[in-house]
Amino acid sequence: MKGQNTLEAYNSMPVSQAVVRNAIPAMAAMLMTLIYNLADIFLSVRRMMLISLPPCRLQAPFF
């Protein structure tokens with residue numbers, strides 16, 4: 001499905017199916033970003049011990 005064929009395919013499918021088809025790649029991208037951020041925080045804290053902990057907490061307060 002490329003170019004105009006993609007648009008025609010989305011126009012012919014039900015709305016719920018089109019939403020799911022777009023939501024899955026978006027959720028996968030958000031999950032990959034979350035994993036990257038968690039690994040970054042873990043490795044930066046591990047490398048610099050407690051010196052880098054406060055900046056990491058300000059950057060990602062919900063982790």
Linking I/L/V/M/F/W/Y whenever any side-chain heavy atoms sit under 4.5 Å apart, do L31 and L38 land together?
yes
Residues clustered with V19, ILVMFWY side-chain links under 4.5 angstrom:
V15
Measuring from T33:OG1 to D40:CG, what's the distance to the nearest 0.5 Å?
12.0 Å
Any pair with a residue in residues 22-32 that passes side chain to side chain donor-acceptor pair (under 3.5 Å), sequence neighbours left out, goes on the list, sorted by first then second residue, please.
Y10-N22
Going from CD on Q17 to OG on S12, what distance comes out if it is rounded to the nearest 0.5 angstrom?
8.5 Å
Is there a path from I35 to M30 through hydrophobic residues (I, L, V, M, F, W, Y) whose side chains come within less than 4.5 Å of each other?
no
